[in-house]
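Reviewing the structure listed below.
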Amino acid sequence: MKKSKAIQFLDRLNAEYFTLHKEYEKYFWISYMGDQSVNAKKDRALAQRDAFRANPEFVAQINALLPIATAREKERFDLWLRFFNCYQSPKGALPLKKKISECESALLKKQAKRKEGYKDPYSKKFVPASAVKMSMIIATHSDEKIRKACFMAREKLAADFIDEYMEMVKLHNHYAQKLGYQDFYDYKVQREDGMTKKELFAIFDAIYEKTKYAKENIKKLEKTMPGLRKPWNFGYMMAGDFTKEEDQFFQFDESLLRWGRSFAALGVDFKGGTLQLDLLDRKGKWNNGFCHWPDMVSFKNGKRIPGSSNFTCNVVFGQVGSGSSGIHTLFHEGAHAAHMLNTEQEDVCVNHEFAPMSMAWTETQSMFMDSLFGSIEWRCRYARNAHGESYSFDLFTRKTKKLHPLRPLALYGIMFVSNFEREIYEARNLNAQKVKMIAKKNFRKYFEQSEDSLYALTVPHIYAWESSGSYHGYGLAQLAVAQWREYFYKKYGYIVDNPNIGKEMARVWALGSAKTFNEFVVLATGKKLSADALVKNITAPLATVMRKSKERIQQLQKVKLYTKPVRLDTHISMVSGKKTIATNKKSFEDMAKKYKQWLESQRHDI
């Protein structure tokens, strides 16, 4: 049967965009894994992809075909119109976008080559260390002088690229204003989340007002913990000992198997998709975890073709705390991968993480899995040391009691970055001094510490087009996660190892980005988005937190431990740069064993 004109055009759109997207993602991965020799190719591929997105002729052709399209064809055209409308831009905007991409690539190259490390306070010698490694030293090292040396080194690194950052902010604002927005932040929040800056920050400001009382708790704590409010002391003095004590339960060489079993028990799989994981830190590699999809889920003649996903993090194997960070990434980025590899949409325009997809909705999936990994019931079941001893409730109790005064401040790190970026993009006559002033002012507002910091300038997200002006998405996601968890606990009584959770998540994952963030929240939880569940959780009295934790552990004891082979319906390659370490061709367990053996050759004695 001959295809209709509408189907022929839809096939063309899908084929062209799939090819352009894949070409860009190929070079993006190579570049961000540390090989900047492909940056020019990456920028050209991005320009071609952007030109496709912004092409007004496609919109005109769709509108011309709508009168003769069937009802189903009209539904599909509506998705493409929504997609194209996210990227339509006036003449002159695309060259500007290309210039922004070139600036990003130039900065990425500088960041990859810069010298990172700290001056040893005793030997006065320079100690090479990545920004990621120094961050963990600040959190876990017992020597205050070493912690301070790393903090000061990171402060210096924070100021390295202020000029480049200001240039990008100027270009971002110029682009947004060409499209009729006040500034780039206004453009991002309206395009990605369908709300105004005023509406967004009204939510954050209300949470701030309801929780700011807890900042006084920090001042009270300092009376019995001298030096607590120094920024190089705070994390260590509050949680450093716990990080060390917990480290035995989160050894990274066991993380693959625990992650695989957890996802399998939860009923999560990857719908035949391919995964490539690059998890260890190395010089030149992008210093933050992320997940991308070079092959979007697509359809050909009605047959679904699985997609592929790459995700990464920066584990310093052997460093205290790094194992926990690494397994956290498997849950976080693994959820991102599962989300978009489970889509059942025919059109690739809604099968990726870019607009019309809401960052808030994508982060809802990853942060939901974060919450599962962070739960006491998961830890009591899965987290074990080399002797087979499980994470103890006593350790959880001691940690919870000590950190409970900070519990209401859970969203402050996200609100801090969001407000910093809003003020940066709204600032007039921006200069280096003003950038530093805005960074320090917001640090003072959200972190009750004794000294200022340029910490905001160390956040990788602010330097990339796709993630800058979007950090608030993590905050909106936290609201949705709290609401979703509340829904699941009321419906099922438990979350960990509950296959019904995976089924319900897959039901909304199948829709790709065919709905808005607010529509997805209602579909998933049965309610409109609200901060109520989050505020109730973070302001809960200690007795309530402990009671619920005991109840959830008791509930999980009734659920059988998952002991079947791990089958996630995926082809996985564990890589390090261009080297393949292990695959799950034989089995998931065989891959985990081989990767564990390889890790021993990568250990850092710290």
**Request:** Test N310 against Y32 for side chain to side chain contact (heavy atoms under 4.5 Å, CB included), laying out the working first.
**Result:** CA-CA 11 Å; N310 295 328; Y32 274 63; over 6 Å; no
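Among residue pairs with one or both ends in residues 346-372, those qualifying as salt bridge (Lys or Arg N to Asp or Glu O under 4.0 Å) are R72-E346, R76-E346, R76-D347; sequence neighbours excluded. Counting only residues at least two apart or in different chains, salt bridge (Lys or Arg N to Asp or Glu O under 4.0 Å) contacts with residues 452-466 comprise R49-E466, R444-D452.
With sequence neighbours left out, the ring pair (Phe, Tyr, Trp, His ring centres under 6.0 Å) criterion links F263 to W259, F331. S298 is linked by a side chain to side chain donor-acceptor pair (under 3.5 Å) to nothing, counting only residues two or more places apart in sequence or in another chain. Annotation: side chain to side chain donor-acceptor pair (under 3.5 Å) contacts of R53 (sequence neighbours excluded): Y17. For H172, the side chain to side chain donor-acceptor pair (under 3.5 Å) partners two or more places apart in sequence, or in a different chain, are Y425.
In this structure a side-chain-to-backbone donor-acceptor pair under 3.5 Å is missing from E104 to A464. Between the S513 side chain and the P356 main chain, no donor and acceptor come within less than 3.5 Å of each other.
More than 12 heavy atoms of other residues, nucleotides or ligands shown are found within 6.0 angstrom of NZ on K283. For NZ of K434, the number of neighbouring non-hydrogen atoms (other residues, nucleotides, ligands) closer than 6.0 Å is greater than 12.
In this structure, F416 has its ring center at least 6.0 angstrom away from the ring center of F204.
For the residue pair D278 and T312, no side-chain donor N or O sits within less than 3.5 Å of a side-chain acceptor on the partner.
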